[in-house]
Amino acid sequence: MSDPPVIQTRGLTRYFGAKPAVYELDLAVPRGSVFAFLGRNGSGKTTTIRMLLGLLEPTRGSGAVLGYDLCALPPEARARIGYLTEDHQLYGWMSVRQSCEFQSQFYPRWNGRVLNGIIDHFALKPEARVKDLSRGERAGLCLAQTLAPGPELLILDDPALGLDPVARRSLLESMLYLTRRSARTIFFSSHNLADVERVADYIAVLDRGVLCACCTLEMFRNSVRQVRLRFAGAPPPLPKVPGLLQAFRYEHELRLILVRLNGEVEQALRALGPLEMEPLPLPLEDAFLSYLGEHGERSFILDEADRDAGEVLKE
Amino acid sequence: MAFDIAITTGSTTPIYKQITDQVRLAAATGKLGVSDQLPSIRALAEQLVINANTVARSYADLAREGLIEARPGRGVFVIHKRKVFTREEGWRRLEPLVDGLIGEAMAMDFSREELRQAIEKKLARWKAVKQGDQTHE
């Protein structure tokens with residue numbers, strides 16, 4: 001894949017007052033990927049998305065979307081981007097049908113089949129008033145209207161927020177349906193790791209405005225590991241272990257969650273003299289939680305560049 | 001064909017591996033036989049509501065092991081029934097099962113001898129079933 005990334009930022013930074021909401025962000029979203037953008041509330045996801053769309057000016061740094069400078073996105077480029085906001089803005093007094101007709105006026109290319117497909121999928125009645133729709137139904141309507149112009153790049157800001165399980169499943173199905181055209185890229189922020197696990201190829205993790213991982217989902221899973229050390233008595237005090245995210249201390253064992261468990265780290269752990277040392281599998285959610293936890297060191301960035309399980313830790 | 005793949009999210013096992021494991025197991029236990037057809041990558045991805053690349057990854061692993069084969073325009077087929085796990089991996093998986101069995105049996109106050117007999121009895125029956133089946137061990 002020598003294709004240039006659909007989204008690329010360099011040192012993208014935005015301050016609100018003295019506080020950086022997004023700090024030195026280097027993001028690369030490959031064409032055709034389903035890319036999940038993760039982080040806690042207030043970590044800077046929406047600020048980033050707004051900068052990507054040229055809705056908010058960066059304090060410094062630069063970026064390109066579909067090859068265009070994000071501070072000067074021409075209308076042709078905007079027409080190729082579908083953007084779904086967190087708060088599903090629609091006119092309440094319109095019917096579903098009117099709302100769709102209204103939206104379609106703005107787009108030269110409008111795919112009625114895609115629109116109706118999604119409207120059916122969410123079981124929306126064309127005559128229903130928008131203000132009477134449930135949150136899930138509004139989400140479905142917005143999604144249908146975002147997809148109907150056939151965007152090449154889809155940016156979804158927490159599309160699953162507040163959806164019930166049925167609506168969430170419909171959303172995922174629609175997202176996957178869309179990626180059957182392999183040139184399409186979906187960039188979505190989410191808090192739901194089960195959804196991410198199902199659909200994402202890549203993930204980026206933002207923590208208090210700082211990017212701390214940007215890699216394939218698989219690499220993330222492979223890089224965050226849990227090890228159990230068993231001891232005859234109480235476990236000895238833990239020395240400084242590079243890459244340690246979390247340590248749990250029990251009566252006769254230590255459980256450590258680490259980033260990039262390499263030979264050097266393994267040796268350091270063996271030096272503690274455990275009776276037994278074994279890897280324990282870790283669900284994605286636990287890996288993610290320890291990655292964002294307040295415990296341990298916070299200075300690792302995981303990205304595709306350090307595939308070699310190397311020792312290069314970014315300070 | 002009575003073979004269904006089911007996945008769970010939030011598991012310690014990545015989704016692609018859940019699929020690979022289930023196909024291997026089904027082939028090993030005879031639920032899937034030679035020349036049985038599997039769903040296409042797209043169909044399985046849609047059915048499970050997962051990224052098609054995940055299914056592709058799993059099928060690629062299975063194809064590399066020589067268990068399945070994609071025949072262009074026709075579908076994905078089981079081509080070989082082979083040893084599913086390396087010896088080492090097999091032991092790793094067997095051990096917790098045996099531990100579980102012994103633990104349960106002890107909790108129900110069975111003696112070692114009774115447990116041994118129960119296993120022998122079952123094994124004898126399996127032997128009869130397995131006859132004619134070319135196992136690799």
Side-chain angles (χ1 to χ4, degrees), chain A residues 1 30 32-36 121 160 165-182 184-186 188 190 192-203 216-226 228 257 276 278-289, chain B residues 4-22 24-25 39-65 70 72-73 75-76 85-100 103:
Chain A
M1 273 214 263
S33 61
V34 180
F35 198 108
H121 204 72
V166 178
R168 230 178 61 216
R169 184 54 64 92
S170 299
L171 169 80
L172 291 185
E173 283 167 351
S174 302
M175 282 169 69
L176 289 171
Y177 174 79
L178 197 78
T179 52
R180 294 176 66 156
R181 299 262 172 287
S182 59
R184 289 224 173 107
T185 310
I186 300 182
F188 74 110
S190 180
N192 190 302
L193 288 164
D195 291 354
V196 170
E197 194 179 353
R198 280 178 185 276
V199 303
D201 297 303
Y202 288 82
I203 64 167
T216 61
L217 182 64
E218 195 185 343
M219 187 184 160
F220 183 78
R221 285 197 85 140
N222 287 339
S223 304
V224 182
R225 306 287 272 278
Q226 180 171 227
R228 172 164 64 191
I257 299 180
E276 191 185 13
E278 59 172 347
L280 286 184
L282 192 64
L284 179 64
E285 185 148 4
D286 293 8
F288 179 72
L289 287 178
Chain B
D4 261 323
I5 296 175
I7 55 122
T8 52
T9 54
S11 154
T12 51
T13 312
I15 293 173
Y16 84 87
K17 197 147 186 307
Q18 294 181 33
I19 298 171
T20 317
D21 287 352
Q22 286 174 46
R24 280 188 192 139
L25 194 65
S40 70
I41 289 176
R42 182 128 286 155
L44 187 58
E46 261 169 39
Q47 185 193 324
L48 300 176
V49 194
I50 56 172
N51 191 315
N53 291 336
T54 306
V55 181
R57 160 86 208 269
S58 172
Y59 277 13
D61 284 354
L62 291 166
R64 205 173 310 121
E65 288 168 19
V76 180
F85 300 118
T86 61
R87 214 64 191 126
E88 196 185 341
E89 173 72 4
W91 278 115
R92 206 181 62 72
R93 283 168 179 264
L94 182 63
E95 216 165 315
L97 298 177
V98 175
D99 283 346

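These figures come from a predicted structure and were not determined experimentally.
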Please give me the minimum heavy-atom distance between P283(A) and R221(A), naming the atom from each residue.
CA-NH2, 3.9 Å
Which of the residues L284(A), V34(A), D201(A), L193(A) is involved in the greatest number of heavy-atom pairs with chain B at under 4.5 angstrom?
D201(A)
Do Y16(B) and D61(B) make a side-chain contact, defined as non-hydrogen atoms from C-beta onward lying under 4.5 Å apart?
yes
Turns out that what part of Q226(A) lies under 4.5 Å from chain B's heavy atoms comes down to neither
Heavy-atom distance under 4.5 Å to chain B: side chain of E197(A), backbone, both or neither?
both
Residue A200(A) versus chain B: region with a heavy atom under 4.5 Å:
backbone
At what distance, to the nearest 0.5 angstrom, does CD1 of I19(B) lie from OG1 of T54(B)?
7.0 Å
Kindly give the heavy-atom pair with the smallest separation between Q22(B) and I5(B), and that separation in Å.
OE1-CA, 3.4 Å
